[in-house]
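Both backbone and side-chain heavy atoms feed into the values below; hydrogens, waters and symmetry mates do not. Chain naming here is simple, since letters A, B, ... match the order of the sequence lines and numbering starts at 1 in each.
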Amino acid sequence: MPDAAYRFGEIEKKWRDYWARERLYEADDGDPRPKYYCLDMFPYPSGSGLHVGHWRSYVLPDAWSRYMLLKGYNVLHPMGWDAFGLPAENDAIKTGTHPEVNTRRNIANFKRQLVDMSPMYDWTREIDTTDPAYYRWTQWIFLQMFKKGLAYRQLMPINWCPSCKTGLANEEVVGGTCERCGATVTARDLKQWMLRITAYAERLLAGLDDLDWPEKVKTMQRNWIGRSEGARVRFTALDARGGEHPLEIFTTRADTLFGATYMVLAPEHPLVPVLTTPDRRTDVEAYAAAARAGAEHERTEATQKTGRFTGAFAVNPVNGEKIPIWVADYVLMGYGTGAIMAVPAHDVRDYDFATVFGLEIREVIAPAEGRTEIPWVGNGTMTASGAFTGMRSTDGRRAVARWLEERGVGRAEVQYRLRDWIFSRQRYWGEPIPIIHCPRCGEVPVPEAELPVRLPAVERYEPTGTGSSPLAAIEDWVRVPCPECGGSARRETDTMPQWAGSSWYFLRYTSPRSDDALLGPAGRAWLPVDMYVGGVEHAILHLLYARFFSLFLHDIGVIDFEEPFTRLFNQGMITRMASTGRVEKMSKSKGNTVNPDALVASHGCDSLRLYELFVGPPEMDAVWNDDGIDGVHRFLKRAWKWVLDSNGRWAEAPSPVVASQRHLLVKKVTERLEAFRLNTVVSAMMEFINAVHSIEERPDRETVETFIILISPFAPHFAEELWERTGHAPSVFRQGWPDWDDAHTVSETVTIPVQINGRMRGRLTVDAGTSEESVMEAVRRDPAICRHLDGKEPRKVVYVQDKILNLVVN
RNA sequence: GCUGGUGUGGCGGAACUGGCAUACGCGCCGGUCUCAAAAACCGGUUCUCGCAAGGGAUUGUGGGUUCGAUUCCCACCACCAGCACCA
């Protein structure tokens, strides 16, 4: 007599061992079934381990992968470690433990916790970005970019985090603070490695159109790339001695060129020292120096416009007018040409500036009918604009650009907000940049055969703070012969940012042990990724970089597609009600985490998996409820009992009610799963158990089998155990996903709500397909409904067969 | 300011294509079992008037379309997220 109790602890261990032994999750390169690649964003293996919020992001793709497996796909569902990064390094500084030791320990702990979830990861394909066999290829990609001129070194004013003592990418600066540590970012001039992502701006933008991604993420990327169409216009600036200097600006509003009443240079603009007149030099230089010292965000947060007049003037090419040249920090060197023409009548920022300094405001666009605001930034009709007067501003923009081009003083141009990617980090725990600096040959790539350039052992992990990484102190590592001339040369000591390894890891899972190529021969068939699941916090950074790497690898023939992630799904976060009554993100730093280990012990892995799905719509944030898991646990116990109570004593055939419940369940679960409405999948199964429970008849074998297969992606151990106990050989995951027949999902009688003047007044149970006349007949025989008619005849009868009857009376 | 999202019971949420609002779960109330408690199981639970039968109200607010609106349209409010002097 088998044990009737639901002993989840024993069951879960039994099947986890079985699946591992049977290698159920290993994806076979040669499998003839159609492939399906379902990818989770791989984690940074932090020391603090997993909380129930992390679980959520892994349970959904796992349930989806198991569903695809049951649908007959050859599923690849891998996992790995994004293990370079500052926490391990900071820990090394504090404790002296080598980051590698630390990282390995954290990975082991993280993996143990992940295994507790019973995801169907193919662990034979596990990768680790800090493994030299892996980062060899990260370095290889860098070298290919270097050879194509896409990686270059430049002295740049960069974002510098004084706490992390390293430069940051623009993408890593959030509201003027360091994304990692929250310190205020300052500006600093350093020679930096850059990746020319801007060369791909147009393709990164265009590629978004066809992706099955959340619109929100696509919009964020579009905004980040920030394409604007406009014109480059050459003014002529005059210095104090009458010398002429071309001064180029970018504008999206060439139609307002006649309204330019002054010009503004960014404080860093090279013409500032050239143009400033001697009497103003001290003042202007002080202003420019102060502006440059402040970080960019300080400039953008200032409410009051500031600036200085250089004393110089420029000539407007359309009318020969001389207008004053100012310096102001509201113009940024990093966008366009670092100089603008100012049209205060039609630009809010120029208007604010002109108001502060009393500069001329000249209207050249007549606003739309009836509007009188100044500044008017919309379209309108051009006025006081020479030959262009009377044109609509949209046409005028093109006309002016053409006019400028004909005279060689301008042309139409597209600008992007996107800037090149600052790729240098002055830290230890990252991929060494594989370049050698030779005094004779310059920047020489490390020969590919010598990759990887391994991280050397160091004694001190502290960043120097001087702008060099700790690697600079290892003389015998730094000093190498030049690969080209053999003379003495020095290694590059900067390392790559954490984003480097994650920009291409999804490729490597497909052929993780390939030694002679980034992508092995079996790899291509798995790609691209069919479903990518992860948090929306990577909407810009990681996803843009990964797309950039993919475009590049496509162009050099490594892969044969341009977009790596066909479909993207963003999970919501798990939040928790704080004592203040506010909802906060669940995180270690907030101290509000819920530990899954305890819940696995008390309720079981399957209950927790189910609750992670049931907690709310997957794309939205969800508030964790400590008692919520009790509900799904009770459901599992009821379902368990329902199956085993009739085990071996099945009904010959299902009653019509049970049959219809079964087909309805398959339909609901399948449709809701396809729509990613996982919370409602769980409730559909609960409703089913409630329904068959109240029917109080023994189920037939097929109904029970169907239920077990349907629940298996969500509660795999539970399903596998019941599958075995009901007399099947494992595994339930080798079964096919059941079908439903619509003929069974509709019942023979229907209950029709009866409304009178739109208000619910009763219900009628009739045969499906009953005619209007018969229904009206039934209404007349029903006194409870008739009394609401007040003895009157309906003025209008609306009858939707099998749906509703609405009677309109006056 | 711009862009995107969200507003439904005490709480998380459900509602296919315009057709019974509040499924499912939590919590709460009552019951069974127990010396007792927990667990488990059974029943109830939008608000409101009413002893009841029954009535009325209700999907952020105000309008509109419709026999009928959580769903479509217009205007507004609140909250959340991202971006923000990008010329």
Side-chain angles (χ1 to χ4, degrees), chain A residues 174-175 214-220 222-224 226-228 230 249-253 256 264 266 296-297 299-303 305 328-332 334-343 346-350 352-353 415-419 536-537 539-540 573 575 577 583 610-611 614-617 619-632 634-635 637-638 641 667-668 671-672 675 677 679-690 751-763 784 787 794-800 802-809:
Chain A
V174 179
E215 272 313 311
K216 177 185 179 175
V217 174
K218 294 210 255 185
T219 304
M220 284 167 77
R222 285 191 188 107
N223 292 344
W224 189 262
R227 183 183 200 272
S228 8
I249 60 106
F250 174 75
T251 178
T252 55
R253 293 297 302 270
T256 63
V264 187
E296 207 165 85
H297 80 277
R299 292 164 56 169
T300 61
E301 273 172 9
T303 45
K305 292 269 187 293
D329 64 5
Y330 81 93
V331 174
L332 309 172
Y335 183 79
T337 63
I340 62 158
M341 66 167 188
V343 186
H346 305 294
D347 183 284
V348 183
R349 298 149 303 183
D350 297 343
D352 291 345
F353 190 84
Q415 279 283 339
Y416 299 90
R417 206 190 79 117
L418 184 71
R419 299 184 206 176
V536 74
E537 66 272 20
I540 298 173
M573 286 183 310
T575 60
M577 190 66 78
V583 170
L610 224 42
Y611 183 60
F614 187 62
V615 69
E619 71 283 5
M620 300 223 288
D621 291 351
V623 184
W624 189 262
N625 175 353
D626 289 332
D627 297 318
I629 193 172
D630 290 333
V632 290
R634 279 196 272 268
F635 155 71
K637 282 196 287 191
R638 293 179 76 186
K641 193 164 160 9
K667 178 182 161 80
K668 280 186 189 169
E671 287 178 349
R672 295 174 183 192
R677 297 190 345 254
N679 53 327
T680 65
V681 168
V682 178
S683 61
M685 290 190 292
M686 288 172 164
E687 285 175 84
F688 171 80
I689 289 298
N690 290 348
T751 302
I752 294 179
V754 180
Q755 299 184 336
I756 291 168
N757 289 337
R759 307 181 80 90
M760 258 287 295
R761 295 302 185 187
R763 293 184 173 85
R787 65 189 188 87
R795 179 168 58 83
K796 181 167 181 179
V797 176
V798 181
Y799 177 59
V800 182
D802 300 344
K803 284 278 187 194
I804 201 165
L805 177 70
N806 191 7
L807 306 177
V808 189
V809 241

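Partners of Phe635(A) under the ring-ring contact (aromatic ring centres under 6.0 Å, His included) rule, at least two apart in sequence or in another chain, do not exist in this structure. Remark: Lys641(A) engages Asp645(A) in a salt bridge (Lys or Arg N to Asp or Glu O under 4.0 Å) (not counting sequence neighbours). Looking at residues two or more places apart in sequence or on another chain, you find a salt bridge (Lys or Arg N to Asp or Glu O under 4.0 Å) between Lys218(A) and Glu215(A). In this view, Arg227(A) and Glu202(A), Glu229(A) satisfy the salt bridge (Lys or Arg N to Asp or Glu O under 4.0 Å) rule, not counting sequence neighbours. Every residue two or more places apart in sequence or in another chain that forms a ring-ring contact (aromatic ring centres under 6.0 Å, His included) with Tyr611(A) is listed here: Trp624(A). With sequence neighbours excluded, the residues that form a side chain to side chain contact (heavy atoms under 4.5 Å, CB included) with Thr256(A) are Arg253(A), Met341(A), Val343(A), His346(A), Val364(A), Ile365(A). In terms of the side chain to side chain contact (heavy atoms under 4.5 Å, CB included) criterion, residue partners of Glu671(A) (sequence neighbours excluded) are, by chain and number, Lys667(A), Trp740(A). The salt bridge (Lys or Arg N to Asp or Glu O under 4.0 Å) search around Asp347(A) returns Arg349(A), not counting sequence neighbours. Judged as a side chain to side chain contact (heavy atoms under 4.5 Å, CB included), and not counting sequence neighbours, the contacts of Met620(A) are Pro617(A).
Within the 4.0 Å cut-off from OP1 or OP2 of A84(B), not a single side-chain nitrogen or oxygen of Asn223(A) is found. Phosphate contact (OP1/OP2 of G82(B), side-chain N/O of Thr219(A), threshold under 4.0 Å): absent.
Side-chain to base pairing of Lys803(A) with C20(B): no donor and acceptor N or O lie closer than 3.5 Å to each other.
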Would you tabulate the nitrogen or oxygen pairs shorter than 3.5 Å linking the protein to nucleotides 63-73 of chain B?
from	atom 1	to	atom 2	distance (Å)
C67(B)	OP1	Lys796(A)	NZ	3.4
C67(B)	O2'	Asn806(A)	ND2	3.1
C67(B)	O2	Asn806(A)	ND2	2.7

Just the atom pairs and distances: protein N or O near nucleotides 22-24 of chain B's N or O, under 3.5 Å.
from	atom 1	to	atom 2	distance (Å)
A23(B)	O2'	Glu687(A)	OE1	2.8

Please tabulate, one pair per line, each protein N/O and nucleotide N/O from nucleotides 41-48 of chain B that are separated by under 3.5 Å, including the distance.
from	atom 1	to	atom 2	distance (Å)
C42(B)	OP1	His693(A)	NE2	3.2

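Searching all strands for a Watson-Crick or G-U wobble partner of U58(B) with both distances below 3.5 Å returns nothing. Nucleotide G7(B) forms a Watson-Crick or G-U wobble pair with C77(B), both donor-acceptor distances falling under 3.5 Å.
When heavy atoms are screened at a 4.0 angstrom cut-off, Pro214(A) is found touching no nucleic acid atom at all. Residue contacts for Arg761(A): at a heavy-atom cut-off of 4.0 Å it reaches the sugar-phosphate backbone alone, with no base atom in range.
Going from the P atom of C79(B) to that of A23(B) covers 30 Å, rounded to whole Å. One C1' atom belongs to U71(B), the other to A53(B), and the distance between them is 35 Å to the nearest Å.
Among the nucleotides A87(B), G27(B), A81(B), the one closest to the side chain of Lys216(A) is A81(B).
If you find the closest nucleotide of RNA chain B to Asp347(A) and to Glu215(A), the one lying nearer the 5' end belongs to Glu215(A).
For G13(B), the O4'-C1' to base torsion is more than 90° from 0; the nucleotide is therefore anti.
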* **side-chain contact (heavy atoms from CB on, under 4.5 Å) evaluation trace for Leu807(A) with Lys796(A)** => CA-CA 6 Å; Leu807(A) 306 177; Lys796(A) 181 167 181 179; over 6 Å; no
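Counted by atom type alone, Asn690(A) and Arg638(A) present one or more donor-acceptor pairs between their side chains at under 3.5 Å.
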